[in-house]
Amino acid sequence: MKFFRRPISLFVLGPCLIAFLCCGFQVDAQRALELPATRSPLQIAGLDREDLPDDPGVGQTQQPGPQTKPDPAPTEQGGQTKRILYIVPNFRSVSTDAYLPPQSVKTKFITATEDSFDYSGFIFVAMQAGLGQIGNSYPEFGEGAVGYGRYYWHTLADATDENLWVEFLVPSILHQDTRFYTLRHGSFLKRFGYGFTRIIITRNDGGRETFNASEIVGAGVAAGLSNLYYPAQERTEIKSYQRWVTNVSIDGGIFIFKEFWPDLNNRFFHQKD
């Protein structure tokens with residue numbers, strides 16, 4: 001099928017290959033226990049050496065026993081950062097152990113617009129539009145600068161449309177959490193599968209796991225609405241289905257990359273917010 005020859009494979013397989021590199025580099029940070037300072041029997045009994053003038057240790061300061069400096073907390077080891085490599089927005093990624101207050105409708109709208117109109121979004125839209133033109137995904141758009149311009153604004157409209165439906169409208173109606181909760185533990189395959197299955201599993205505003213209708217339904221609605229501005233030849237059910245699968249697959253690849261980003265960051269980049 002023509003769909004499988006499109007550049008979507010780069011967006012799905014790329015994060016998967018990168019994630020594979022960090023399967024052996026998981027960092028488990030635990031706090032070390034501090035050793036309590038040595039206490040004498042007199043101190044345990046509530047007496048101080050200064051209360052005993054005949055004691056040979058009067059005037060001497062007791063030195064505490066050796067202490068072990070605690071290891072840095074996991075968040076200090078390079079957990080999820082607000083941006084990946086200081087460029088890619090990562091505003092909605094948190095640890096799976098985090099229990100945060102429910103997102104307000106305003107917050108969902110803000111995160112959707114941030115993902116749509118962040119400066120990095122225009123860069124990736126430009127890249128995706130270029131790949132679409134190279135693959136001749138829509139022959140009706142033509143070649144050259146004019147054709148690239150058509151690819152660009154169609155891709156930008158697709159991204160903005162999907163973000164509003166997936167991250168704002170449907171989650172607000174169904175009270176679903178749009179944040180991505182990273183697993184951060186377990187085997188590579190477990191974490192890989194966890195990341196990809198977030199396209200069908202999410203949390204509601206109450207913190208319970210539920211079917212990710214925001215992703216599945218929202219991406220489907222966005223793909224259907226794209227028929228309003230695509231050429232007539234591209235408004236078939238097959239084309240709409242391909243755009244829906246493309247959007248969901250890209251989101252699944254992004255989820256996988258975000259799951260392994262803290263490990264990649266710890267190992268190679270050491271980025272801190």
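Taking CD1 of I199 as the reference point, atom CD1 of I254 lies at 11.5 Å (rounded to 0.5 Å). The NZ atom of K258 sits 10.5 Å away from the OG1 atom of T182 when rounded to the nearest 0.5 Å. The CD atom of Q103 sits 8.0 Å away from the CZ atom of R92 when rounded to the nearest 0.5 Å. Interatomic distance, CD of Q242 versus CD1 of I238, reported as 6.5 Å (0.5 Å rounding). Taking OG of S137 as the reference point, atom NZ of K239 lies at 8.5 Å (rounded to 0.5 Å). Within the model, atoms OG1 of T178 and CZ of F109 stand 13.5 Å from one another, a figure rounded to the nearest 0.5 Å.
Residue A219 comes nearest to E162 through the heavy atom pair CB-OE2, 4.0 Å, listed as atom of the first residue, atom of the second, then distance. The shortest non-hydrogen separation linking E234 to P139 is OE2-CD, 4.4 Å. When all heavy atoms of Q133 and G144 are compared, the closest pair comes out as NE2-O, 3.0 Å. When all heavy atoms of P171 and W165 are compared, the pair lying nearest together is CD-O, 3.5 Å. Nearest heavy-atom pair, A222 versus D161, reported as atom, atom and distance to 0.1 Å: O-OD2, 3.0 Å. When all heavy atoms of E140 and P231 are compared, the pair lying nearest together is CB-CG, 4.1 Å.
Taking the six-membered ring wherever Trp is involved, the centroid distance between the rings of Y138 and F141 falls below 6.0 Å. Residues F188 and F260 bring their aromatic ring centres within 6.0 Å. The distance between the ring centers of F255 and F180 falls below 6.0 angstrom. Aromatic ring centres of F269 and W261 lie closer together than 6.0 Å.
The side chain to side chain contact (heavy atoms under 4.5 Å, CB included) test applied to D118 returns R83, P89, F91, S120, not counting sequence neighbours. With sequence neighbours left out, the side chain to side chain contact (heavy atoms under 4.5 Å, CB included) criterion links L183 to T96, H185, K190, R191, Y194, E259.
For the pair W244/I216, a side-chain contact is recorded, criterion being any heavy-atom separation below 4.5 Å from C-beta on. Proximity of P262 to R184: side-chain heavy atoms (C-beta onward) are separated by under 4.5 Å at one or more points. With a 4.5 Å cut-off on side-chain heavy atoms, D263 and R267 do not count as touching. Between F192 and S187, the closest side-chain pair of non-hydrogen atoms is not below 4.5 Å. Side-chain contact check for N204 versus D177: every heavy-atom pair is 4.5 Å or farther apart. The shortest distance between side-chain heavy atoms of E114 and I110 falls below 4.5 Å. In this structure the side chain of E215 never reaches within 4.5 angstrom of the side chain of I200, judged on heavy atoms. With a 4.5 Å cut-off on side-chain heavy atoms, N227 and S240 count as touching.
Note on Y229 and L164: separate hydrophobic clusters, where clusters join Ile, Leu, Val, Met, Phe, Trp and Tyr whose side-chain heavy atoms are under 4.5 Å apart, directly or indirectly. The same ILVMFWY cluster, assembled from side-chain heavy atoms under 4.5 Å apart, contains both I201 and L189. With hydrophobic clusters built from ILVMFWY side chains whose heavy atoms lie under 4.5 angstrom apart, Y241 does not share a cluster with V166. By the criterion of side-chain heavy atoms lying less than 4.5 angstrom apart, applied directly or through intervening Ile, Leu, Val, Met, Phe, Trp or Tyr residues, M127 is not grouped with V125; the two fall into different hydrophobic clusters. In the hydrophobic clustering of this structure, Y119 groups with F124; members are Ile, Leu, Val, Met, Phe, Trp, Tyr whose side-chain heavy atoms approach within less than 4.5 Å, directly or through other members.
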key: side-chain hydrogen bond (donor to acceptor under 3.5 Å, both in side chains) evaluation trace for T246 with S249   = CA-CA 5 Å; T246 297; S249 299; over 6 Å; no
task = Determine, stepwise, if the pair R243 / S226 fulfils side-chain hydrogen bond (donor to acceptor under 3.5 Å, both in side chains).
result = CA-CA 9 Å; R243 285 192 285 271; S226 66; 2.8 Å; yes
request  = Give the intermediate values and the outcome of side-chain contact (heavy atoms from CB on, under 4.5 Å) for residues F257 and I84.
outcome  = CA-CA 10 Å; F257 184 84; I84 297 174; 3.6 Å; yes
task = Check the pair T202, N212 against side-chain hydrogen bond (donor to acceptor under 3.5 Å, both in side chains), reporting the backbone distance first and the verdict last.
result = CA-CA 5 Å; T202 189; N212 194 353; 4.6 Å; no
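Side-chain contact, Q176 with S214: a donor N or O sits under 3.5 Å from an acceptor N or O. Side chain to side chain, N90 and S93 meet the donor-acceptor criterion of an N or O pair below 3.5 Å.
Counting heavy-atom neighbours within 6.0 Å of E237 CD, excluding the residue itself, gives a total of 12 or less.
Screening residues 201-212 for salt bridge (Lys or Arg N to Asp or Glu O under 4.0 Å), with sequence neighbours left out, gives K108-D205, R198-E209.
Using modelled atom types, one side-chain atom of Y148 and one backbone atom of A126 make a donor-acceptor pair closer than 3.5 Å. Formation of a donor-acceptor pair under 3.5 Å by the Q271 side chain with backbone atoms of L85 is found in this model. Of the possible polar contacts, none joining the E167 side chain to the T113 backbone as a donor-acceptor pair under 3.5 Å is found.
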